[in-house]
Structure formats: C-alpha cells, structure tokens
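Whatever order the structure lists them in is the order used to number ligands and atoms, beginning at 1. Here the structure is a predicted model, which is why all the values come from computation and not from measurement. Side chains are part of it too, since the values below use all heavy atoms of this structure and drop only hydrogens, waters and symmetry mates.
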Amino acid sequence: MSRDIRIQDTLTGEERPLEPRDPGKVGIYACGPTVYAPVHVGNARPYVVFSLFKRFLEHEGYDVTFVANVTDVNDKIYDAARAAGVPSEQLAREMTARYRSDTDGLKLGRPDAEPLASETIAPIIELIGDLIDSGHAYVAGGDVYFDVGAFPEYGRLSNRPREEMQQGEDDATSLKHHPQDFALWKAHKEGEDTAWDAPWGRGRPGWHIECSAMAEDILGLDFDVHGGGSDLIFPHHENEIAQTEAARNEQLARLWMHNGMLQFGDEKMSKSVGNIRTLSGALDEFGRDALVMYFVQGHYRQPIDFSEQALQAAARAVQRLRDFGRRSSPAHPEPEAIGPYHERFFEALADDFNTPAALAALWDWVNEGNRRLDAGEEVGAGEKLREMLWTLGLDNLLEADGAVDEEAQRLMEEREAARAAKDFATADARRDQLAELGWQVRDTPQGPQLVPLKT
Ligand SMILES: [Zn+2]
C-alpha cells in the first residue's frame, strides 16, 4: 500500500485521496440493475469499472469488499410482470438469474455481496422507523415520505437549486407535503402482487431507501467508495445521502465515484439491430475480450460511444495483445526493461483510475517488446505483464486459444511419435499442419515446445 490512490470525488468536485476507514480494507458499494428485463450493455459499465477497480486495489494490497445490489421490487417490475402475465416475484427471480449469467459472460468474477431488496426488508423498515422518529420522515396515507425541508444539507451531491429538483416520481397520486419530498415506503396498491407488513401499514420500499439500508447492513457507515452511473447522482444518490445521514448523523460514504454513460449515436447501433443493446447481445456480437477492452479504453468518468467503429478498434487491440502474448513465451525470463512501463501503468491507475493512460503504458511496452522480438531477442511474458493484463481483466489473452492449443498439442505429439519411428513423411506432414495453425516446434532442454510462427 505504498502508492497514493486518488479519486475524483463527485461530492466535493475534487480529486481526493483514498483514505480507508479501516486501514488495509476498502468497502465499495455500486448500485446495480433493476431486474425487469435482460440487462442493457450500459449496465455492464459500472460492473466492469468497479470489478476492475477492485482488482487494482487488490494489486495494491487492499482487502476489498465490493457490494452491488439488485433491485428486485419496483414499479417497472410490476409493469413488466403484468404485461407478461407472470407473478412479479417470478419475473424478478428469472431476470436476476439472467443478469447473473449475462455478467458472468464478462468473466470478471462476482461482487462479494449482491443483496436483493426483497431480502433486505427488515433493515429497510428499521431505517424508515428511525427517520420517522427523528422527524425526517412522515406517514401520509400508508405511504412514508422523506421530508427534504428537515434536512438542510440536501442537494450537496448534485449541487443544484432546490426548485430544480424533481424527484421523477408519479406525483398524480402522491400524498407528499412538498414536491421535493420522496417516497421511502409505498402503501400496497391494487394489482401489486408483493407487499410486506410495516408499523405504518402494508406496502413495499421505495427505491432509494434500499441502497441506504443495504450499504449500512453490509459495509457499515462512512464506508470508502460509493459508485454507480452518473445518471444516479440525482435523485438516487442525493436521496441515499439524505436518508442515511439524517438517520445516523454520520457520513454515508467517503468518496463518490461515478461512471459516464454509453452513447448510442452510431446509426447501426441506434436502430434496434437484433438485441445488440443488451449485454448478452453485445457479448454474442463482439465477444467478451473486445467488450472489456472497449470499456477500459475509455476513462470511466467520460461518456463513451457504443459504435461499431469503437468495438472494432477494441477487437483489433485485443488481437495485438494476443499476438504479443503468443510471441513472448512464458518459457523465457521477462526483460527488466518492462519495469518502468509496469510502474507507469499502476501510477496511471492510482491517478483517478485512468485506464486509458495505463493502457498507453502497456502499448509502449508491447511496441518495445515487439521491437526486441523482431531483433531476435527472446522476450518472456512474466509476472509484470500478467499483473497489468489481470488488472484490466485481460490476462486470458496470454493463454493461447484453447481449441488451437489442443489441436496443436496433438499434432506435435504425433510429429514426435513419427520422428521416433523414423516416419519422416508423417513428421513433415504434421509440421506443415502445425505451421498452418501458426505454430512451430522448438526443441528445448525440457523437450519439444510449441512457439508461434513469426508473423
Ligand atoms: Zn443505489
């Protein structure tokens, strides 16, 4: 933990140091999806950003707990379930499973905790009760609303005039006293098929309160990093701060880290071409490697275009890395010259998790390594290269393509057997087949080894 890690904090508008509440440990909470339909490719961005940010912190020696919630009780879920003619619980369960398998396709591991709103009802009711007791919330009908007027600090995160703060809720049927107030609990309505009992009546939680309750339940108060898409700054995160800080009189989170949105300007991507805008569709179309590369090519805070061109550029970058991985054999030692590139790479990540700057350091090494290989030097792919790629979720590029590998391995064994039997015609035929797959056999003290043919 020698490196100083700095993050652009949305709350203060400044780059601030990561100073964990518990030395050596970092707690991250990033808001996850509402599960009413297969997740959008845009939902993959916070998933990728915070999964990789966790990897970086682990590389720096921290013990990281990454929490990403799943909103499985919500108006959108009721509406979608009604339209599909299935119970909302069933739809939410199916879409949660689908979300998990789609994000599994990114092969970045799972968050450490993925709480469901429907399984956090007791802490939610307790937190709402505390807000009513402290005078920050009121009951109206069977609803409970947060009284924004009772929390003078409201608006600090999104930093906008109070009269411009529209909660975006359905005000037509709302019983709230003031337009800026927001629902903590919604009384059970005809046609909603899930509800829980609470001291102020049967109903279900609002969206914002679930995150305050889950984050406190798992990470405690004053945890280290709260993340999510920049579209959540207002009202969702503003309301999370209000709820927690009004009830507990303690800070919710130390740093607020928001990722930019995906933009669908590209003609082809804007039209609904198949299901390319869902995560599973994007994975099918471009593959996991190109998609992860696409995300790390952009700085997490910037909006990025989701375009054919951008994804093709990412696919080419993946191919360049894979080629370099094939040329630089793990059998050789890694040149010491990689050291400064490795250092630059991790310094870039320490400076507001700047993945494009880190990638630039990696490319400089790849170019240098390729120059050395062209000059006949043996360049090993060792720990330092692997650490860089692992932190970007791309260390799999160092493994040669499995299918080719197995086939090549079999051909090499057949060639060795033919040579041992002095069947040189077969041995030559196997050598030619290997060459077609891009491999040659090199005799080493450890026995014959497959190395990529020079391209
Ligand atoms: Zn949230």
Side-chain angles (χ1 to χ4, degrees), residues 9-11 27-36 39-40 42-51 53-54 65-77 92 95-96 99-100 103 110-121 123-128 131 137 146 148 151 154-158 165 167-169 182-186 204-248 251-261 300:
D9 171 35
T10 310
L11 184 63
I28 303 171
Y29 184 97
C31 296
T34 298
V35 283
Y36 63 98
V39 292
H40 189 266
N43 292 110
R45 193 173 194 196
Y47 193 91
V48 171
V49 164
F50 293 101
S51 296
F53 185 54
K54 174 187 166 169
T65 304
F66 169 32
V67 182
N69 70 304
V70 173
T71 299
D72 66 342
V73 181
N74 185 283
D75 282 324
K76 285 179 184 161
I77 300 172
M95 289 303 153
T96 301
Y99 159 70
R100 290 199 174 129
T103 43
R110 300 296 325 158
D112 300 286
E114 297 179 272
L116 303 175
S118 64
E119 292 176 357
T120 316
I121 300 297
I124 290 171
I125 288 175
E126 192 194 320
L127 183 56
I128 296 173
L131 284 165
F146 187 92
V148 168
F151 185 68
Y154 193 76
R156 269 189 309 145
L157 182 73
S158 53
M165 294 188 181
Q167 292 291 345
E169 291 175 358
F182 58 89
L184 301 174
W185 189 264
K186 297 180 182 183
R204 40 108 183 185
W207 171 35
H208 317 299
I209 196 74
E210 79 178 67
C211 285
S212 282
M214 288 170 175
E216 181 181 350
D217 200 35
I218 299 170
L219 296 173
L221 297 166
D222 191 32
F223 63 86
D224 303 302
V225 179
H226 196 313
S230 58
D231 57 334
L232 299 182
I233 295 172
F234 184 84
H236 185 54
H237 290 164
E238 195 73 74
N239 294 350
E240 280 188 43
I241 291 176
Q243 293 160 161
T244 297
E245 301 191 1
R248 303 294 181 240
Q251 184 166 254
L252 172 61
R254 296 183 163 214
L255 292 167
W256 287 83
M257 190 172 167
H258 287 102
N259 66 269
M261 298 288 103
Y300 78 88

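Closest approach between the Zn ion (ligand 1) and any N/O/S atom of E240 involves OE2.
Taking the six-membered ring where the residue is Trp, H236 and W207 present parallel rings, their angle staying beneath 30° rather than reaching 60°. In this structure, Y47 and Y99 have perpendicular ring planes: the angle between them is above 60°, well past the 30° mark. Between Y154 and F151, the ring-plane angle classifies as perpendicular under the 30° and 60° cut-offs. F182 and H208 have perpendicular rings, their planes meeting at more than 60° on a 0 to 90° scale where under 30° would count as parallel.
Not a single N, O or S atom of H237, from either the backbone or the side chain, sits less than 2.8 Å from the Zn ion (ligand 1). Because the distance cut-off is set at 2.8 Å, C211 qualifies as a neighbour of the Zn ion (ligand 1) through one of its N, O or S atoms.
Geometry note: the Zn ion (ligand 1) is the vertex, H236 NE2 and C31 SG are the arms, and the angle is 120° (rounded to 10 degrees).
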